[in-house]
Amino acid sequence: MTQRLLVVDDEESIVTLLQFNLEQSGYEVVTAMDGASGLQLAKTQTFDLIILDLMLPEMDGLDVCKQLRQSKVMTPILMLTAKDDEFDKVLGLELGADDYMTKPFSPREVVARVRAILRRVGHAQNNHEDNSRSTSTLSFGNVEIYPDNYEVYLKGQPLELTPKEFELLLYLANHKGRVLTRDQLLNAVWNYEFVGDTRIVDVHISHLREKIEPNTKKPIYIKTIRGLGYKLEEPQLND
């Protein structure tokens with residue numbers, strides 16, 4: 001089945017360029033020229049990935065991203081920003097974007113990034129036929145991960161994680177008890193260099209803690225190892 005992408009950008013030349021190159025790569029592309037239209041499309045239609053510009057009329061990309069996540073739309077979001085500003089990048093990630101690219105960029109780079117994201121989350125997006133839980137399970141404390149179905153449960157209740165949050169939690173769980181540096185996590189989960197931009201890791205760790213930790217100020221699962229990185233531990237729970 002052809003994967004569907006939504007491109008939201010107010011620059012017609014960029015929309016045309018992205019649409020042409022993505023369609024040449026085999027994707028179906030739907031476009032929107034402002035944030036409000038993009039939000040409506042994303043909430044009413046099914047897409048495998050959204051390419052979302054930061055600066056948009058009607059509603060900016062940050063608001064679109066925030067509203068989608070609040071509406072439980074967990075479609076992967078690749079955010080585009082014309083500014084090489086760490087604040088914009090981090091804020092976009094904090095609001096639920098999965099990845100970002102800074103303009104100007106080459107069409108080939110965008111296609112490669114799209115393929116990398118879809119490759120990581122393709123199983124979750126395209127394989128809904130079997131809704132039963134997989135027998136392949138990872139667990140720690142009150143958390144259960146079903147990798148084959150991209151499902152996470154806390155005390156038996158399903159958690160809403162973005163694709164990137166899921167990938168990060170799965171990697172931590174697969175290396176339970178081991179100290180992982182921020183650079184290790186960047187390379188393993190994002191699959192390319194962010195030139196030392198380890199703040200991305202910290203933002204996603206913070207998101208995970210908000211969703212799985214009983215007390216984010218005193219985490220029992222994801223521990224910070226000062227000066228090194230993070231470690232996922234098996235806690236001693238008092239029932």
* Cluster check Leu5, Leu17: I/L/V/M/F/W/Y, side chain < 4.5 angstrom ->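 Looking at the clustering, Leu17 is in a separate group from Leu5.
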
* Asked: Are Val29 and Phe105 connected, step by step, through hydrophobic side chains (Ile, Leu, Val, Met, Phe, Trp, Tyr) whose heavy atoms are closer than 4.5 Å?
  -> yes

* Hydrophobic clusters join Ile, Leu, Val, Met, Phe, Trp and Tyr when side-chain heavy atoms are under 4.5 Å apart, directly or via other members; which others share one with Val179? -> Ile225, Leu228

* Shared-cluster residues of Met33, by chain and number - hydrophobic side chains joined below 4.5 Å ->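 Other cluster members: Val15.
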
How would you list, by chain and number, every residue that makes a side chain to side chain contact (heavy atoms under 4.5 Å, CB included) with [X], sequence neighbours excluded?
X	answer
Thr181	Asp183, Gln184
Met59	Leu39, Asp63, Val64, Gln67
Ser71	Lys43, Val73

* To do: Count the heavy atoms belonging to other residues, nucleotides or ligands that lie under 6.0 Å from CD of Gln70, then report whether that count exceeds 12.
  => yes

* Asked: Going by the salt bridge (charged side-chain N to carboxylate O under 4.0 Å, His left out) test, which pairs reach into residues 69-81, not counting sequence neighbours?
  ->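 Residue pairs passing salt bridge (charged side-chain N to carboxylate O under 4.0 Å, His left out), neighbours aside: Arg69-Asp98.
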
* Can you pull the salt bridge (charged side-chain N to carboxylate O under 4.0 Å, His left out) pairs that have at least one residue in residues 221-237, sequence neighbours excluded? ->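 Sorted pair list: Lys176-Glu234, Lys223-Glu233, Lys231-Glu233.
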
* Qualifying residues under ring-ring contact (aromatic ring centres under 6.0 Å, His included), relative to Tyr171, sequence neighbours excluded ->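 Here the qualifying residues are His175.
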
* Selection residues 20-36 - residue pairs positive for side-chain hydrogen bond (donor to acceptor under 3.5 Å, both in side chains), sequence neighbours left out ->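 Every pair satisfying side-chain hydrogen bond (donor to acceptor under 3.5 Å, both in side chains) with a residue in residues 20-36: Arg4-Glu28, Gln19-Glu23, Asp34-Ser37.
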
* To do: Not counting sequence neighbours, list each pair that qualifies as a side-chain hydrogen bond (donor to acceptor under 3.5 Å, both in side chains) and has a residue in residues 201-214.
  =>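 Counting only pairs at least two positions apart or across chains, the side-chain hydrogen bond (donor to acceptor under 3.5 Å, both in side chains) contacts touching residues 201-214 are Glu165-His207, Glu165-Lys211, Arg182-Asp202, Asp202-Tyr230, Arg209-Thr224.
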
* Structure fact -> side chain to side chain contact (heavy atoms under 4.5 Å, CB included) with Ile222: of Thr216, Leu172, Leu168, only one passes, and it is Leu172

* Write down the atom of Pro158, the atom of Tyr153, and the distance for their closest heavy-atom approach. =>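 It is N-CD2, 3.5 Å.
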
* Structure fact -> Shortest non-hydrogen pair, Leu54 vs Asp60, comes out as O-CB, 3.4 Å

